[in-house]
S.K.: 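Can you keep this structure in mind? I'll have questions shortly.
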Amino acid sequence: VQLQASGGGWVQAGDSLRLSCVVSGGLFSAYGMGWFRQRPGKEREFVADINWSSDKTNYADSVKGRFTVSRDNAENTVYLQMNSLKSEDTAVYYCAARIRSGSYYPHEYKYWGQGTLVTVLQ
């Protein structure tokens, strides 16, 4: 199973970005998907997750109301729509997959993408 994250870049504070993560080599519709990020000098942290059927999502408090996770099982893709970006959102963003449900804990994910860098300029 391979995960390919994309969509990162440089933006101004207040702008929006949409990250995508395409999953190949597995049954995407069976996976819960998570987004994590690692800010400079910090440990990897949970951002959002979505279960296999899209009826359950969870968000970190720091992004609630600004970020939205969604998925398209027909396209084997999970998205992270990021609005009202702040400088503290600057990080490498990773997508991850595990069976059925998402999880807050990185160690519960079996598959990881390579990360995409988001830089938010003040």
Side-chain angles (χ1 to χ4, degrees):
V1 177
Q2 292 185 324
L3 285 68
Q4 182 71 44
S6 62
W10 294 67
V11 295
Q12 297 287 334
D15 285 351
S16 298
L17 271 180
R18 189 177 78 159
L19 306 183
S20 301
C21 175
V22 179
V23 179
S24 59
L27 184 59
F28 178 73
S29 60
Y31 294 134
M33 300 298 299
W35 285 98
F36 292 79
R37 68 186 182 187
Q38 189 160 15
R39 293 183 278 184
K42 304 288 187 180
E43 294 189 351
R44 193 169 298 190
E45 62 180 358
F46 172 80
V47 175
D49 68 23
I50 185 168
N51 73 337
W52 66 279
S53 59
S54 301
D55 60 354
K56 290 183 181 178
T57 58
N58 296 289
Y59 297 91
D61 287 343
S62 58
V63 306
K64 203 170 291 183
R66 300 187 297 122
F67 290 13
T68 302
V69 61
S70 62
R71 64 189 295 159
D72 184 340
N73 285 352
E75 297 293 329
N76 290 356
T77 303
V78 62
Y79 302 99
L80 185 68
Q81 178 66 44
M82 306 186 294
N83 298 330
S84 302
L85 282 161
K86 305 175 181 180
S87 58
E88 52 262 43
D89 295 318
T90 294
V92 178
Y93 284 74
Y94 299 89
C95 56
R98 65 189 297 268
I99 296 298
R100 293 188 68 82
S101 62
S103 172
Y104 179 87
Y105 301 103
H107 70 268
E108 293 189 352
Y109 288 83
K110 185 172 183 179
Y111 305 108
W112 287 84
Q114 85 291 356
T116 185
L117 176 62
V118 173
T119 304
V120 183
L121 304 175
Q122 194 63 38

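Counting begins at 1 with the first residue of the sequence. Just so you know, these numbers come straight off a predicted model, no measurement behind them.
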S.K.: So, does Gln114 use its side chain to make a donor-acceptor pair with the main chain of Ala5 at under 3.5 Å?
M.R.: yes
S.K.: Between Asp89 and Met82, is a side chain to side chain contact (heavy atoms under 4.5 Å, CB included) present by the stated rule, with each step listed?
M.R.: CA-CA 9 Å; Asp89 295 318; Met82 306 186 294; over 6 Å; no
S.K.: State the CG-CG distance between Asn76 and Leu3, to the nearest 0.5 angstrom.
M.R.: 10.5 Å
S.K.: Treat each ILVMFWY residue as a node, draw an edge where side-chain heavy atoms are under 4.5 Å apart, and state whether Val120 and Leu117 are in one component.
M.R.: no
S.K.: With a 4.5 Å cut-off on side-chain heavy atoms, are Asp49 and Tyr104 touching?
M.R.: no
S.K.: Is a donor on one side and an acceptor on the other found under 3.5 Å between the side chain of Tyr109 and the backbone of Ser103?
M.R.: yes
S.K.: For the CD atom on Glu45, are there more than 12 heavy atoms of other groups (residues, nucleotides or ligands in this structure) within a distance under 6.0 Å?
M.R.: yes
S.K.: How many angstroms lie between CG in Asn73 and OG in Ser54, if you round to the nearest 0.5 Å?
M.R.: 5.5 Å
S.K.: Cluster question for you: counting only ILVMFWY and a side-chain heavy-atom cut-off of under 4.5 Å, with indirect links fine, are Val92 and Val47 together?
M.R.: no
S.K.: Check whether Tyr111 and Val78 end up in the same hydrophobic cluster, where Ile, Leu, Val, Met, Phe, Trp and Tyr are linked by side-chain heavy atoms less than 4.5 Å apart.
M.R.: yes
S.K.: Is any side-chain heavy atom of Val63 less than 4.5 Å from a side-chain heavy atom of Arg37?
M.R.: yes
S.K.: Could you measure the distance from the CD atom of Gln12 to the CG atom of Leu85? Nearest 0.5 Å is fine.
M.R.: 11.0 Å
S.K.: Quick one: does NZ or CZ of Arg71 land under 6.0 Å from the six-membered ring centre of Tyr31, within 45 degrees of the ring axis?
M.R.: no
S.K.: Minimum heavy-atom separation for Val69 to Tyr59, with atom names?
M.R.: N-OH, 2.9 Å
S.K.: For Arg39, does the CZ atom sit with more than 12 other heavy atoms under 6.0 Å from it, leaving out its own atoms?
M.R.: yes
S.K.: For a quick test of reading the model, state the closest non-hydrogen atom pair linking Arg66 to Ser84 and the distance between them.
M.R.: NH1-O, 2.9 Å
S.K.: Does some side-chain heavy atom of Trp10 sit less than 4.5 Å from a side-chain heavy atom of Leu121?
M.R.: yes
S.K.: Between Gly8 and Val118, what is the shortest heavy-atom contact and its length?
M.R.: CA-CG2, 4.0 Å
S.K.: Cation-pi check for Tyr79 against Arg18: NZ or CZ below 6.0 Å from the six-membered ring centre and within 45 degrees of the axis, yes or no?
M.R.: yes
S.K.: With a 4.5 Å limit on heavy-atom distance, are the side chains of Val23 and Val1 in contact?
M.R.: yes
S.K.: Any side-chain heavy-atom pair from Trp112 and Arg44 closer than 4.5 angstrom?
M.R.: yes
S.K.: Do you know which of Tyr105, Phe46, Tyr93 makes ring-ring contact (aromatic ring centres under 6.0 Å, His included) with Phe36?
M.R.: Phe46
S.K.: Determine, step by step, whether Ser101 and Asn51 satisfy the side chain to side chain donor-acceptor pair (under 3.5 Å) criterion, reporting the C-alpha distance in whole Å, the side-chain angles of both residues, the deciding distance to 0.1 Å, and the verdict.
M.R.: CA-CA 4 Å; Ser101 62; Asn51 73 337; over 6 Å; no
S.K.: If I compare all heavy atoms of Ile50 with all of Ser70, which pair ends up nearest, and what's the gap?
M.R.: CD1-CA, 3.8 Å
S.K.: Find the distance between CZ (Arg98) and CE (Met33) and round it off to the nearest 0.5 Å.
M.R.: 12.0 Å
S.K.: Starting at CG of Leu17, measure out to CZ of Phe67 and round the result to the nearest 0.5 Å.
M.R.: 9.0 Å
S.K.: Mind checking the CG-OG1 spacing from Asp72 to Thr77? Nearest 0.5 Å is all I need.
M.R.: 6.5 Å
